[in-house]
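Encoded as structure tokens, the structure appears first; notes follow it.
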Number of protein chains: 2
Amino acid sequence: MGKAAITRKTILNKAFDLIYQKGYQATSVDNILDQTHVTKGAFYYHFENKEDMGVRMVEEVIYPKLYDALIMPLEDSEDPINDIFKVIMNFFKLADYQTIMYGCPTSNMIQEMAPLSDRFHEALKNITDTWQGTIEAALKRGQENGTVNRTVDTESVAQFIVVSYEGLRSLGKVYQSKLYYKNYLKQLRAYLATLQ
Amino acid sequence: MGKAAITRKTILNKAFDLIYQKGYQATSVDNILDQTHVTKGAFYYHFENKEDMGVRMVEEVIYPKLYDALIMPLEDSEDPINDIFKVIMNFFKLADYQTIMYGCPTSNMIQEMAPLSDRFHEALKNITDTWQGTIEAALKRGQENGTVNRTVDTESVAQFIVVSYEGLRSLGKVYQSKLYYKNYLKQLRAYLATLQ
DNA sequence: CATGTCACGTACTATTTAGTATGTAATTCA
DNA sequence: TGAATTACATACTAAATAGTACGTGACATG
């Protein structure tokens, strides 16, 4: 990676840290620059404006995190009912305080920016479409190999799983207890079991 | 209602309109004043500061809306499995474009402000506690009268319902389609049916 | 070796922000 | 009716904001 590419990455990574904790609008460009050794000239050389930087941050920082943790592990799943549960449970097992305190980065950005900016809206819709689509595809493979009941509506089930997960991460901000996550996993498992 | 009380209400109601659409931090005090016939002197006479106004808005505008639509109808429910579904379905039936476009006011405020302000955190936790508690109480009555299976963990079920609802409202911002809500209701009904 | 482009660095601006200082009508109450 | 308190109105400030103008050293390329 060249020097310029490093500068760009530095901006995006620090922007993620701050935006994840405070929100996009509450994080100023100066705020990001203060916490890096990057100057304003460099910032506006690499990005058109603040919105452009934010959208790239979603695409290049937030999306890969979600992909690695929750999407990729399901891409080849032949036993979705068990794998979906395992993937989510495993994510919470590895989660630190920040992860629980500040919610899901994707969901945070949707809440704040989807209604305000078309560019954000599109980037965020791509992420959720990909995730939901991956779950749906896994459920369909499960239907073919017999691990998932053929009568289930894979689209609405995939949606329900994503929706419940994002709701959990959102309300997790207010409850911040292990029990809250445990309770969720209990009900998620029960719900998934009904799909067999 | 006296004249001063009307001024106060005017501020809170307009604050709700703007904050619901743009977020708390993106809505300035001047912004609220521009859209009312209220001056800065009046604003800071009625509220300590912007945060104080925001918290009162949560308590006095957002909470009553959620209470009327989703909490009160369940307070005397003796058939929670059917009533919970009906109440949520009914809410979406009556929902306008704004409601779907801008998500759930409570959830929006949680996402933006719960990690940033203790006063917001507390006010928002009270709302969700009340809602979840009401659902749990209804489920317990259902267990007593036989409409709900006695083996179900009412706390985690109540939590799962709230969580899935809030996730839906959050992701609804990005999907904005009737189908998305229909799919949710389908899975919610299926999930609730397993509690019988 | 001259020259253009890349990748910044510095200094600035116009606007917006929450909040304050200080007034002054309108009520209330003794 | 006089005095105090309520409920505002107006004008201001200091800080923060996104973005710009303009410079400059490094480096590639003909």
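Numbered from 1 within each chain, the chains take letters A, B, ... in sequence-line order.
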When you check the phosphate oxygens OP1 and OP2 of [N], does a side-chain N or O of [X] lie under 4.0 Å from one of them?
| X | N | result |
| --- | --- | --- |
| B/His46 | D/dA7 | no |
| A/Tyr45 | C/dA7 | yes |
| B/Thr7 | D/dC8 | yes |

Check: A/Tyr180 ring centroid to A/Tyr184 ring centroid under 6.0 Å =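 That pair fails the under 6.0 Å test.
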Nearest-Å distance, [atom1] ([X]) to [atom2] ([N])?
| X | N | atom1 | atom2 | value |
| --- | --- | --- | --- | --- |
| A/Leu33 | D/dT20 | CG | P | 15 Å |
| A/Phe47 | C/dC8 | CZ | P | 11 Å |
| B/Phe43 | D/dT10 | CZ | P | 17 Å |

Partner set under side chain to side chain donor-acceptor pair (under 3.5 Å) for A/Lys86, not counting sequence neighbours |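 With neighbours one apart ignored, the set is empty.
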Taking only residues two or more places apart in sequence, or in another chain, which ones meet A/Glu122 in a salt bridge (charged side-chain N to carboxylate O under 4.0 Å, His left out)?
->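 Counting only residues at least two positions away or on another chain, A/Glu122 forms no salt bridge (charged side-chain N to carboxylate O under 4.0 Å, His left out).
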What is the per-nucleotide protein-contact pattern of nucleotides 9-19 of chain C, from the 5' end, where B denotes a base atom under 4.0 Å from a protein heavy atom, S denotes such proximity for sugar-phosphate atoms only, and - denotes neither?
-> BBB-----BBB
Relative to each other, are the rings of A/Tyr24 and A/Phe120 parallel, tilted or perpendicular (30° and 60° limits)?
->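 If you compare the ring of A/Tyr24 with that of A/Phe120, the planes turn out perpendicular.
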For the residue pair A/Tyr20 and A/Phe16, does the interplanar ring angle fall in the parallel (under 30°), tilted (30 to 60°) or perpendicular (over 60°) class?
->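 Judged by the thresholds at 30° and 60°, the geometry between A/Tyr20 and A/Phe16 is parallel.
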Check step by step if salt bridge (Lys or Arg N to Asp or Glu O under 4.0 Å) holds for A/Lys140 and A/Glu144.
-> CA-CA 6 Å; A/Lys140 278 185 174 149; A/Glu144 277 160 32; over 6 Å; no
